[in-house]
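In what follows, a structure is listed as structure tokens, so that the remarks can point back to it.
Indexing begins at 1, ligand by ligand and atom by atom, following the structure's order. Please read all numbers here as calculations on a predicted model, not as lab measurements. The first residue of the sequence shown is numbered 1, and numbering continues consecutively from there. We use all heavy atoms of the structure for the numbers below, so side chains are in, but hydrogens, waters and symmetry mates are not.
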Amino acid sequence: MERTDVMNIIPLKLSVTNCFLVKAGDQDQCVLIDTGYEDDWDLFRRRLKEVNVELFQVSHIILTHHHDDHCGLLHNILQENDSIRVVMSYLCKDLIRKGKNDRTHGGGLLNRRVALLMNLKRLYLSLILKKAIDKERNLTFPPYQLRNCDILITRDTGLREIGIPLDGKIIETPGHTVDSISILFDDGDCLIGDAAANFLWFAGTKYCVVFIHDMRAYYKSWEKVIAAGALRIFPAHGEPFGVDKLKTNLWKNKAENIVSHR
Ligand SMILES: [Zn+2]
């Protein structure tokens, strides 16, 4: 029987995003959770080397949502191993095909401090890195067209149901984006994508990520993760933390503080 203790969750820290490898089965097979920015390719390969994993060992990539910092490397990876099956929400399929972070479902930045930080970052990038500001503005990534071998998640789904030999499930956790999903293992480890985060504390984030599509849905997803038995939360941004942090910070940020994001 496989166990999914912390030892089996291997973080790959990229420029902004934490991706994760999870060892699955007895053949040294791995599942990769998220990729990273398109620019992270060299760093991604270095990180794989550091943990002695080769791309031929990866059987599935689970995308927690369609954003540029989560699926930017999909093409590079599949070019090296096109037998990897990509797993995503059925709502991700059309968004990922557009190659652009979704703005059609509303939402905005968490609060004015976060908005100020983002504007400062943009200003900094425009002064220092002329090319980076365009990317920052557009939030784009190489578009991805679903293949026949890929897997769409249409409801909360056991990992074994989709051929991943691990004890756990994929659960829908919308709020950051409409297509956000998380992976919850039976032992309480939860790879949560951007359905929670642990960074920019001084901006009052309180375990929320900086962009929120729907604040109510976001906290409803926290309630779902808590009720489902999560114990340790592994976010895509920032260090892992205990589920008690979600319990104590639930509903702390307010929908009325969200700053619309052009
Ligand atoms: Zn992200």
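Listed for the Tyr218 side chain is a donor-acceptor partner under 3.5 Å among the backbone atoms of Ala196.
Of the angles at the Zn ion (ligand 1), the one spanning OD2 of Asp69 and OD2 of Asp194 is 160° when given to 10°.
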Test Glu50 against Arg45 for salt bridge (charged side-chain N to carboxylate O under 4.0 Å, His left out), laying out the working first.
-> CA-CA 9 Å; Glu50 285 166 8; Arg45 286 198 300 191; over 6 Å; no
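Looking at Leu32, Asp39, Thr17 one by one, the single match for side chain to side chain contact (heavy atoms under 4.5 Å, CB included) with Phe44 turns out to be Leu32. Partner of His176 under the ring pair (Phe, Tyr, Trp, His ring centres under 6.0 Å) criterion, chosen from His67, His237, His213: His67.
Closest to the Zn ion (ligand 1) among the N, O or S atoms of His237 is NE2. As for His70, its N/O/S atom nearest the Zn ion (ligand 1) is the one called NE2.
Taking 2.8 Å as the threshold, His67 does not count as a candidate ligand of the Zn ion (ligand 1), since none of its N, O or S atoms lies below it. None of the N, O or S atoms belonging to His65 lies under 2.8 Å away from the Zn ion (ligand 1).
No hydrogens or angles considered: nothing links the side chains of Asp34 and His65 as a donor-acceptor pair under 3.5 Å.
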